[in-house]
There are 2 protein chains.
Amino acid sequence: MKLVIALLLLCALGILSQQSGSAQTASPQHRLMPVPASVQFQTGRLKIDASFTAAAQGHTDARLEAAIHRAARRLEGRTGFEFSRAQAAASQSTTLLIECKGPGKPVPSIAEDESYSLDVSERQAVLKAATVVGAMRGLETFLQLLEGDRQGYFIPSVSIQDKPRFPWRGLLIDVARHYEPVEVIKRNLDAMAAVKLNVLHWHLTEDQGFRVETKRYPKLHQMGSDGLYYTQDQVRDVIAYARDRGIRVMPEFDLPGHATSWLVGHPEFGSAPGPYKIERKAGIFEPALDPTREELYKFLEGFFTEMAQLFADDYIHIGGDENEGHQWTKNEQIQAFMKAKGIKDNHALQAYFNQRVSKIMQKLGKKMIGWDEILHPDLPKDTVIHSWRGPASLAEAARKGYDGILSSGYYIDLIFPTRQHYKVDPVAADSNLTAQELSHILGGEATMWSEWVSPETIDSRIWPRTAAIAERLWSPRDVTDVDDMYRRLDSISIQLEELGLTHEKNADMMLRRMAGTKEIGPLKTLVSVVEPVKEYRRNQARTATMLTPLTRFIDAARPDSEAGRRFAAMVDGLLSDVPYFHRNQDRIKAVLTEWRNVRPALDAMIDKAPILREAEQLPRDLSEIGSAGLEALSYLAADVAPPAGWREAKMAMLEQAAKPKAEVEFAMIVPVRKLIILAAEMPGLKSIPHSQWKDRVHTLTVDNSR
Amino acid sequence: MKLVIALLLLCALGILSQQSGSAQTASPQHRLMPVPASVQFQTGRLKIDASFTAAAQGHTDARLEAAIHRAARRLEGRTGFEFSRAQAAASQSTTLLIECKGPGKPVPSIAEDESYSLDVSERQAVLKAATVVGAMRGLETFLQLLEGDRQGYFIPSVSIQDKPRFPWRGLLIDVARHYEPVEVIKRNLDAMAAVKLNVLHWHLTEDQGFRVETKRYPKLHQMGSDGLYYTQDQVRDVIAYARDRGIRVMPEFDLPGHATSWLVGHPEFGSAPGPYKIERKAGIFEPALDPTREELYKFLEGFFTEMAQLFADDYIHIGGDENEGHQWTKNEQIQAFMKAKGIKDNHALQAYFNQRVSKIMQKLGKKMIGWDEILHPDLPKDTVIHSWRGPASLAEAARKGYDGILSSGYYIDLIFPTRQHYKVDPVAADSNLTAQELSHILGGEATMWSEWVSPETIDSRIWPRTAAIAERLWSPRDVTDVDDMYRRLDSISIQLEELGLTHEKNADMMLRRMAGTKEIGPLKTLVSVVEPVKEYRRNQARTATMLTPLTRFIDAARPDSEAGRRFAAMVDGLLSDVPYFHRNQDRIKAVLTEWRNVRPALDAMIDKAPILREAEQLPRDLSEIGSAGLEALSYLAADVAPPAGWREAKMAMLEQAAKPKAEVEFAMIVPVRKLIILAAEMPGLKSIPHSQWKDRVHTLTVDNSR
């Protein structure tokens, strides 16, 4: 009898969990990211077991076969089944049938049709796409649909129609400030494909490094890279790997500023005599190419001719940002040139340079793209504006007829929480663009500037946050539920690990190295509630160079503390539980108690590990934060008003604790502040009707706890 | 006053920790592995801070400079300091002065002088070596000496004279059963260098795969590898990488058996007509080359000529193992050949084959090495015998004048605990060899046969256990303290992670993938107390092939359970605490309670993760084991005799629990059994004098708990 009831319950749950769901109101059970344009779940499931087969009918080619092979291996890895490797003939009994119309573009392109449909019934999954790239996007969706329960693994019955909102969905990886080996690039390409990103923006040159081999001007990479550059064979390998995943590889050669590394081998193109050394610091530096020299354009034409052959993409990014022109202003010959040509200022001189470079690009059949600064009335209309200034500058460019992509708001190097990036839309709500103008907004790119990342840490700065940006660029505009995003993000984050990404696993490894032991429990508690300082504060906090080891506590800390987020949600739950404030109390107490008690263990670890010494105030702060929260809870529980001065003392303590130490900051100051305010305000609350408490609590805590 | 006392205490501790210590009685404070031939710690310390410099005087070259650079970067990573990159001139103020006499052998060789001395005073560390390789060995020792405390990082003052006991200290990596990408090989070369191993034995061909590109006979790798082979460029890259770390790269081409993959493209050399397919199963298979065909030797001469050019090492390994000759026996033409030539059996036929191959090797200037089976009176004396049979077979070969290396006892694929490998010495204690004969015993190799490892798991099967084998082959014979070995091994294991090794970090990642969540605490508890089944039982337990995913619970489990080892030590501590049996009681109780209580959480996880279903009995067993242990403790504490039948019931339960499930087995059955026996025997103990308890307890528990 019990068994029957249990089975009925399971069935009911099963049916419930398969109903509902559309793109707009993301269904609670699916973990798709990005959310498809349209999803309809149905009753039923497609069983996934050892008999799984996948086969293509219609068009097929090596790229599609390889993609199907990779998807099958990942499915094997997750389920533990060994699938038959025999070439399955497409039939009605194929588990996953892929119907592809054609190969799509030979070189990944912004014009690629990436749409697909996926229909899963109890009998079969059918994936249809116009192109191989569309089929690859659908394969990733298929893998994300996998679920498991007592009955085994399955794909829920579903009907999906999907296509991207924007055709340009990129990730910029700066390999100049810190070099990243090919394997790092490759695993990130795999992760990009998993969340349907389609442009690797390879930021190859900077003041701090020139990272690509040139046969024509070998002094560039030989003298500008410390030996850390990609050979042309490696570049071709990366491009082929990206193409296999439907990803464009767009190179950036930043000009005329950010160019110190060019001038180490070629000081003759500098606007000051030199000599130049590879820049080791982070920041904006003076060295700039001299746009008045004719030989420079011959050199650049030679250089870009070589690069245009190496990189098949339609676009070449020429940077163009942050050239402040100090060297130009100081150079008499340049000033004379400007006077003679009637060039009124440095901005106009850079426009002159851009036009010359633009002509080279036209000759090579490439489209030029550059940062905001390059926008100038004389610029050809097929130039693309890359905005680090914001959606408004993008809309302005669109109105002028220029294509544009957004990166403002997607600067993942600045360590902002995911929800902040998630809210940024390439099209501002108030932009009032015509449909024609709107079509100029091509999409956006997350930017992984690499001043403070190493091969060990870069994945943790890119992932999982970039998956939410990928969703912003792929999914319908109205997919904006932050809690639901986080729920799915937690799941995606683990799935990315199967591709070799190290964002989860390297943090513990780094803590073990610092502590010199495997017993890092207390350190994990601490690191879980801190975040690296935001914006450019790491650079401001201490003198460091591109050669400084990135193995400190801050490097093991991760953006967007999950523990902080969970604690905040627990406290918000408690606050909303008027008039008793019971909800989550036990869980909150357990967390606070751990914070209060962990200090001695941490102190002992820090004593043995000098690299952690800089963080020694943190356990003290954490302990006090825990104590303060526990006091607040006990006042609430006992229904007793805290003594006079208690609130002020705790607020002052929190203010101190909130200050960055060792360049990390606590991620749960706000919810603890809320608890303290609530405990202190309880006497006052009692003087108003219960029906007003909720609003009042909200006003008190939200307004006073920032 | 308090401060003064604290400082005095610190000084005293410092002095204590720096005294004593020699190779023989490994000093309690150092964490060197392998233990050097001679170590004398002195009072004092060399401070390591941002002013650290390292420089070579005397001979220097690119290889030495690169090694110094790598060591400095690792030191930076551990300490967080940025050291100056300016080329430091060697002087009295250089922190680490390296005095190298010469480059050593141009190609890493068994004749290389790897000795070095390292003298660290409060002022300077001086590393002296005859060769660059010797200096590299000393650099690894220097890095292992790093310690930290409240005063910061330092190297204790010490005088070390070091050289290896055996010149051949290898790791065999089988890349044929499962292919391993170049990056896996490279990170393992780094780890090998860290523990002073000096031979990568690259097992390149097998029934299951032919893994090296040949330009002369491209059908070999094209048809025999599923596309998973090393290009010749990659081979050269690996060899250069190994040379940079003072490591030889010896290829193995297994012949005439284990050769199915050769015959896929070249069935004409088989002893049966074929066709042949790449073998997918594990085991011993019939396909063997036909030694009666003259064309085979032309083919092999062509093949080995190409490989001899590719691989610079003096030795080529020809395998020669496990050819059972079934195909030969069944082939009439071969039988006729044997009759005509007077070859009496298959072993003699293989000897004929070996002699022919040996002639090719001689012509190419290479020395031949093969497994035990190749030993035959007619074999040239410069052949090396590779023993999988044991030290006795090695001694026998030595008496016959053959060089030999040992792998019997070092089969790390069999999942035995480290202590078992550690006890195996290449020279059996009773071998009675003359000095001349002894010199024929060149060393040994750990063997990573790869039937059940993937790029994700291979590091966890090699490390850290292989570090103990490395110690056996480098350190003096009498360095045999197992507890001290484990203490140092725990430390080395973490240090290896800085080289990119994944033996620690991938286990959690695999658990996350299985569970589909980050919250894997309960699963970690379970996996920490189990070990994969030993010997060849994994293969016997279920049908699996080389294509089966290695992502199951057993793959996340690791050899030589650390938690099991610690629990056993705690219980032994308790047992030795006669007559009270109090020692460690609280800690033991905490562990047992966790085991007893973790079941519901595990059951819930398994319900959601079908891949874990096969392990569903384990939480039940673990819970019962925990309960049984707790009952034993409570009988002991209450000084009450267990009821009749209790012991038998618990023993029966343990017997069931000890049986492998999901191909893993519990690693703490023995200590729990000891607790149960002790509780049951207490009434009997009381009848004898306390002075006899210790022996009695030992007899009772050790003899009855296996």
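- Note that CD1 of B/Ile494 and CD1 of A/Ile520 are 8.5 Å apart. Values are rounded to the nearest 0.5 Å.
- The two residues B/Pro549 and A/Phe81 make their nearest non-hydrogen contact at CG-O, 3.1 Å.
- Rounding to the nearest 0.5 Å gives a distance of 13.5 Å between OG1 of A/Thr551 and CZ of B/Arg74.
- For A/Pro610 against B/Asp149, the heavy-atom pair with the smallest separation is CG-O, 3.5 Å.
- Under a 4.0 Å N-O distance rule, the pair B/Arg512/A/Glu497 qualifies as a salt bridge.
- With respect to chain A, the highest number of heavy-atom pairs below 4.5 Å among B/Gly516, B/Gly152, B/Ala515, B/Gly500 belongs to B/Gly152.
- Taking every heavy atom of both residues into account, A/Thr545 and B/Glu82 meet most closely at OG1-OE2, 2.8 Å.
- Contacts between A/Ser454 and chain B at a heavy-atom distance below 4.5 Å are absent for every atom of the residue.
- Ranked by non-hydrogen atom pairs under 4.5 Å with chain A, the options B/Glu498, B/Arg85, B/Met514 are led by B/Arg85.
- For the atom pair A/Asp607 CG and B/Gln151 CD, the distance stands at 10.0 Å (nearest 0.5 Å).
- Not counting sequence neighbours, B/Tyr486 has no partner by the ring-ring contact (aromatic ring centres under 6.0 Å, His included) test.
- Neither the backbone nor the side chain of B/Ser491 has a heavy atom closer than 4.5 Å to any heavy atom of chain A.
- With respect to chain B, the highest number of heavy-atom pairs below 4.5 Å among A/Lys608, A/Gln495, A/Glu614 belongs to A/Lys608.
- Here A/Glu504 pairs with B/Lys518 in a salt bridge; the nearest charged N to carboxylate O distance falls below 4.0 Å.
- Using a 4.5 Å cut-off between heavy atoms, B/Leu547 touches chain A through backbone and side chain atoms alike.
- The distance from the CZ atom of A/Arg513 to the CG atom of B/Leu496 is 12.5 Å, given to the nearest 0.5 Å.
- Looking at B/Glu562, the atoms closer than 4.5 Å to chain A (heavy atoms on both sides) all sit in the side chain, from C-beta outward.
- In terms of non-hydrogen atom pairs under 4.5 Å with chain B, the most contact-rich of A/Asn506, A/Leu612, A/Thr502, A/Ile611 is A/Ile611.
- Under the side-chain hydrogen bond (donor to acceptor under 3.5 Å, both in side chains) criterion, A/Thr517 pairs with no residue, sequence neighbours left out.
- B/Asp508 touches chain A through its side chain: at least one heavy atom from C-beta onward sits under 4.5 Å away, while N, CA, C and O do not.
- Only the side chain of B/Arg613 comes within contact range of chain A, judged by heavy atoms closer than 4.5 Å.
- The most heavy-atom pairs under 4.5 Å with chain B, out of A/Met510, A/Glu183, A/Arg552, come from A/Glu183.
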